[in-house]
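Before any comments, here is the structure.
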Amino acid sequence: MQIILDEGYQFGLGLFETISVENGRPVFLGRHLERLHASLTEFGISRTVTKTAVMEFLSSRKGEHYALKIMVSDKNLLFTTRPNPYTPDKIQKGFRLVYSSVYRNETSPLVRHKTMNYGDCILEKRRAASLNADEQIFLNSKGEICEGTTTNIFFVRNGKIYTPPVSCGLLPGVMRRFVMENFNVTECILKKEDILQMEECFVTNSLMGIMPVNSLGEQAFCQRQTTGHCIKAYQNHLNSI
C-alpha cells in the first residue's frame, strides 16, 4: 500500500466511508458512494469511486460480517477491511451514553462530511471507556444535542421519533437516512432538559445498524418498542439483499 502525501494526509482534507459487509455484500453501497461523491465535489477533489472497483476489491476477501473502509484524497484511493465489532449480543445488551465535554462547532463545514479530520471523535470514543460508557454525545456551542462520536442519535416519546437536524452540526449518516425514510421522524432542536421527557433512545451507524440505548447521562430509557420496530425493519432489509 503506497500513500502519496497530499492535503488529505497532511491536513485532513480527505474523505472516508465505513461500510458494513454482510455475506460478501456491502450494505447501502450506493448511498455511501453518493455521499462520498457529494463530499468530494464540495472539497474540490476530482476522484470517482465506482461500485465495480469496490466489488473487485471485495471479491478476494472472505468473511460474512466485517467492515470495509474507503479512503479518498486528492492523490490517494485506498480500500481496507477490518472486523465488525458489533455483534447481536451487543445490540441485545444496548449502550450506555454520556455527554462529551468537547463541543461541536455547528458553523464548521467539516462536521457535515466524513472527513479525515476525525480526531475529536476518536479521542472521545476512547475516553468513553474510561467513563464506563459505550459512546459519548456531543453538544454544539448552543448546548444543542448533535450526535455521538461515531453515531447519529434518535429519541422516542409516545411512539414518535425525534432527531437533531443537520444544522445543529452533525454528519447525516446513511443509517440515519434509512430510519428517516422508513419511519415518521421529526427533526428538531433538542437540549439536555428535553431528554427528560423521552421514553426511548437509540443510536445508529453503518456498522452497528440500530443500537438500543439504556441510558444517557442520568436519564434511563426502559422501553424499546419503537426501537424494536426500527431494528426489525433494518433486519428485513438485510435479509432482502
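Residues: numbered from 1 along the sequence shown.
The residues Arg104 and Glu147 are annotated as salt-bridged, a charged nitrogen and a carboxylate oxygen being separated by less than 4.0 angstrom. Under a 4.0 Å N-O distance rule, the pair Glu56/Lys51 does not qualify as a salt bridge.
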Donor-acceptor pairs under 3.5 Å, side chain of residues 109-116 to any protein atom, not counting sequence neighbours: which ones?
| residue | atom | partner | partner atom | Å |
| --- | --- | --- | --- | --- |
| His113 | ND1 | Ser39 | OG | 2.7 |
| His113 | NE2 | Glu42 | OE2 | 3.4 |
| Thr115 | OG1 | Asn117 | N | 3.0 |

Return all side-chain donor-acceptor pairs below 3.5 angstrom for residues 211-221, not counting sequence neighbours, or 'none' if the list is empty.
| residue | atom | partner | partner atom | Å |
| --- | --- | --- | --- | --- |
| Asn214 | OD1 | Arg224 | NH2 | 3.0 |
| Asn214 | ND2 | Lys93 | O | 2.9 |

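By the 6.0 Å contact criterion, CD on Gln92 is open, its count of non-hydrogen atoms from other residues, nucleotides or ligands being 12 or less. Heavy atoms from other residues, nucleotides or ligands lying under 6.0 Å from OH of Tyr66 number more than 12.
Every pair passing ring pair (Phe, Tyr, Trp, His ring centres under 6.0 Å) that includes a residue from residues 141-169 is listed here, sequence neighbours excluded: Phe154-Phe202.
The closest donor-acceptor contact from the side chain of Lys75 to the backbone of Glu7 lies at 3.5 Å or more, if one exists at all. Counting only distance, with no hydrogens or angles, the side chain of Glu106 and the backbone of Ser141 share a donor-acceptor pair below 3.5 Å. Side chain of Asn205 to backbone of Thr150: a donor-acceptor contact under 3.5 angstrom is found.
Ring centers of His237 and Phe28: under 6.0 Å apart, within the cut-off.
In this structure, Lys192 satisfies the cation-pi test against Tyr99, with its NZ or CZ atom closer than 6.0 Å to the six-membered ring centre and inside 45 degrees of the ring normal.
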